2 protein chains.
Amino acid sequence: MAVTLKELGRLAGVHPSTVARVINDDPHQRVSEELRQRILALADEHGYQPNRLARSLRTKRSNVIGALIPDISNPFFALMFRGIEDALAERDYSVILANTDDDSARGERGITMLRERQVDGLILATARRHDRAVQQLIAEHFPVVLLNRHTDPIPPNAVVPADYTGSMTAVEYLIGLGHQRIAHIAGSDEMSTGHTRRQGYRDALERHRIPFDPDLLVGGSFRDQGGYEAMQQLLTLSIPPTAVFAVNDLAAAGAMRAANEAGMVIPHDLSVIGFNDLSTVAQTTPRLTTLHLPVHAMGVKAAERLLAQLLGERGFVEPAILPVTLYVRDSTGPAPAPRE
Amino acid sequence: MAVTLKELGRLAGVHPSTVARVINDDPHQRVSEELRQRILALADEHGYQPNRLARSLRTKRSNVIGALIPDISNPFFALMFRGIEDALAERDYSVILANTDDDSARGERGITMLRERQVDGLILATARRHDRAVQQLIAEHFPVVLLNRHTDPIPPNAVVPADYTGSMTAVEYLIGLGHQRIAHIAGSDEMSTGHTRRQGYRDALERHRIPFDPDLLVGGSFRDQGGYEAMQQLLTLSIPPTAVFAVNDLAAAGAMRAANEAGMVIPHDLSVIGFNDLSTVAQTTPRLTTLHLPVHAMGVKAAERLLAQLLGERGFVEPAILPVTLYVRDSTGPAPAPRE
DNA sequence: ATCTTGAGCGCAATCGTTCGTGCTAAGTGA
DNA sequence: TCACTTAGCACGAACGATTGCGCTCAAGAT
């Protein structure tokens with residue numbers, strides 16, 4: 001079925017290389033217009049499709065990039081990945097995706113697998129703050145972009161959200177509403193997102209002279225169930241919080257679910273604020289107040305930065321920090337009057 | 001950096017082919033144990049990584065499959081895709097994903113691109129009921145599995161949900177609750193899912209002698225916004241429905257949002273039922289009654305069927321129809337007493 | 001009439017692997 | 001001792017494309 005250049009050459013009575021030149025319309029070498037048309041017609045007639053593997057073997061460029069994603073079934077990463085694919089597809093690149101479930105062994109296997117497949121570069125959304133494998137990659141000067149999470153200290157090839165100012169904004173907003181007992185449902189401290197948002201939370205409290213209460217710092221997961229359990233834990237406190245800032249929308253949704261089940265009314269009894277603004281998740285009732293992040297655009301930017309590296313442009317000097325903006329909706333409100 | 005077989009051969013003083021045999025530990029040919037160890041050590045020392053492109057070129061098997069997905073940022077497809085990747089990864093296959101946004105031109109470009117990259121097979125979650133490109137592929141005997149949606153008539157290589165019995169179950173459940181004015185927020189009729197669920201809806205009504213009212217059949221999109229607008233349209237009716245069966249959870253969530261905004265209380269004023277049971281979507285308040293579908297397992301099964309084809313097993317005679325089960329939660333209730 | 005020039009194409013090496021075939025030496029049986 | 005097997009490896013042709021180089025021949029220059 002699949003015709004090759006060689007066969008086309010035989011059919012046209014010319015050397016395969018000549019066919020190659022017309023297919024790729026080689027700018028340097030020239031082929032007579034008549035022959036050119038004849039070959040084009042022949043290629044069309046036989047439905048010639050170039051074998052990209054062979055081409056890549058020869059040119060040493062696969063036009064494929066690898067993406068390491070914690071879990072594509074997480075809508076956050078799905079949307080981000082969509083951004084990656086959109087940006088790559090229109091430039092004739094393809095993506096191979098591997099899920100890691102935040103398991104470093106799976107991550108490393110993913111990296112070797114992708115390199116064996118000769119990907120031109122990697123986009124890693126899986127980096128831990130101290131990630132040997134990733135640091136190794138960077139040291140080798142292998143083309144890499146760190147997406148969403150970065151290693152410490154933040155390298156220039158990172159594309160991440162403004163975690164610190166974002167969580168600072170969220171907490172200060174809650175303080176402005178009169179809240180004093182503000183909890184944080186945190187993400188894993190091994191990831192820059194979890195770590196930095198936690199840091200922003202603490203610094204915001206400190207700036208406003210609100211003493212830090214370790215009981216109000218709970219969690220350690222980025223998922224719905226984690227938020228649910230963390231909220232349950234918060235509700236057992238003798239003085240429960242009046243507001244909670246969750247590390248992301250998923251955890252926020254889980255927290256709202258737990259609060260609802262405990263008979264609390266949001267935002268009357270409890271204010272909840274999330275992070276990311278995922279459309280499928282933030283449309284809870286009441287609608288979630290959250291920090292909006294251009295998730296799709298982040299994916300796009302990561303892909304573009306990677307492609308820029310591949311085109312040999314000198315590496316970026318600074319990481320891309322994407323702005324987050326507070327979207328006030330219905331899950332937050334003034335602090336309830338203290339009981340007497 | 002990257003060492004090749006040839007270089008390893010030179011270093012070990014043997015022919016590259018010998019190195020190849022020990023790397024792939026060729027079962028037929030034999031290499032002396034001592035040489036074998038020496039080569040293995042050398043490969044390890046230089047961090048040899050096989051070039052999979054070269055291998056594929058030679059063996060004519062890329063161990064890559066292509067997946068055509070309408071939109072990976074849709075949590076339904078994301079979860080399904082996760083199933084695909086899980087099943088493939090553990091068998092040393094990788095996936096290249098392309099989004100089509102249900103645009104047939106993009107679909108066809110996707111197919112050619114994937115074939116140029118020499119994928120061993122394709123999983124298509126994008127098939128329309130009358131899809132020339134897909135039918136062409138099947139006619140060519142190119143290894144293909146149709147996932148979620150199938151062409152008409154349903155081919156043996158399809159892995160799809162029990163759309164008909166599912167929607168029949170949903171509507172009969174609503175009828176059992178006393179509902180008579182039951183609306184359907186439908187999906188596109190070009191897709192088997194939209195078409196078949198619509199058919200089940202109509203047949204269920206007919207079986208129970210409920211006259212079909214064209215005003216109650218609305219929509220045509222699978223997305224949240226579509227459900228929202230369809231519900232708004234239903235609310236303008238002089239006699240609005242007391243129950244709505246949505247083609248999927250996303251549309252159901254949109255419908256609930258519209259109903260809420262119109263001041264209706266679910267399930268008291270309106271019952272809503274979805275399809276798919278997506279964890280991130282179905283956790284609305286009230287929790288969505290829906291038809292549960294083993295979405296992840298569907299992806300897994302599609303991948304397994306494709307691999308079975310690749311291993312030359314005789315094609316399946318029958319399509320895989322995955323069972324759906326009604327999960328009754330809080331968004332459905334008895335029909336409100338007719339006003340007097 | 002000879003030289004130059006360049007258009008138009010062919011040649012062959014190469015990318016990194018795989019694998020059928022063939023060669024050599026040591027071991028076996030009669 | 002002599003064919004004969006077999007273990008252990010080398011050889012080289014693929015796979016399908018790319019690309020620098022070189023060849024040929026007609027047209028223009030001198």
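Both backbone and side-chain heavy atoms feed into the values below; hydrogens, waters and symmetry mates do not. Below, chains carry the letters A, B, ... as their sequence lines are ordered, and counting in each starts from 1. In this text the structure is predicted, and so the values were computed from the model without any measurement.
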> Between B:Leu57 and A:Pro16, who's closer to the 5' end of DNA chain D by nearest nucleotide?
Replying inline: B:Leu57
Write down the distance between [atom1] ([X]) and [atom2] ([N]), rounded to a whole number of angstrom.
| X | N | atom1 | atom2 | value |
| --- | --- | --- | --- | --- |
| B:Asp26 | C:dT18 | CG | P | 10 Å |
| A:Tyr48 | D:dG16 | OH | C1' | 8 Å |
| A:Arg55 | C:dG16 | CZ | P | 18 Å |
| A:Leu53 | D:dG16 | CG | C1' | 9 Å |
| B:Arg58 | C:dC19 | CZ | P | 6 Å |
| B:Arg61 | D:dC15 | CZ | P | 18 Å |
| A:Lys60 | D:dT18 | NZ | P | 15 Å |
| B:Lys6 | C:dT18 | NZ | P | 14 Å |

> Is the phosphate of D:dA7, meaning OP1 or OP2, less than 4.0 Å from a side-chain N or O of B:Ser32?
Replying inline: no
> Are OP1 or OP2 of C:dT18 and a side-chain N or O of B:Thr59 less than 4.0 angstrom apart?
Replying inline: no
>> Counting the atoms with a prime plus P, OP1 and OP2 as sugar-phosphate, which does A:Glu33 contact under 4.0 Å by heavy atoms, base, sugar-phosphate, or nothing?
In response: nothing
>> Strictly distance-based, threshold 3.5 Å: is any side-chain N or O of B:Asn63 a donor or acceptor partner for the main-chain N or O of B:Asp92?
In response: yes
> Could you go step by step and tell me if A:Arg117 and B:Ser94 meet the side chain to side chain donor-acceptor pair (under 3.5 Å) rule?
Replying inline: CA-CA 9 Å; A:Arg117 292 198 185 282; B:Ser94 299; 2.8 Å; yes
> With a cut-off of under 6.0 Å to the ring centre and 45° to the axis, is A:Arg149 in cation-pi contact with A:Phe222?
Replying inline: yes
>> For D:dC9, does the base pair up with any side-chain atom of B:Ser17 as donor and acceptor (N or O, under 3.5 Å, distance only)?
In response: no
>> Whether the side chain of B:Arg21 and the base of D:dG8 hold a donor-acceptor pair under 3.5 Å is what I'd like checked.
In response: no
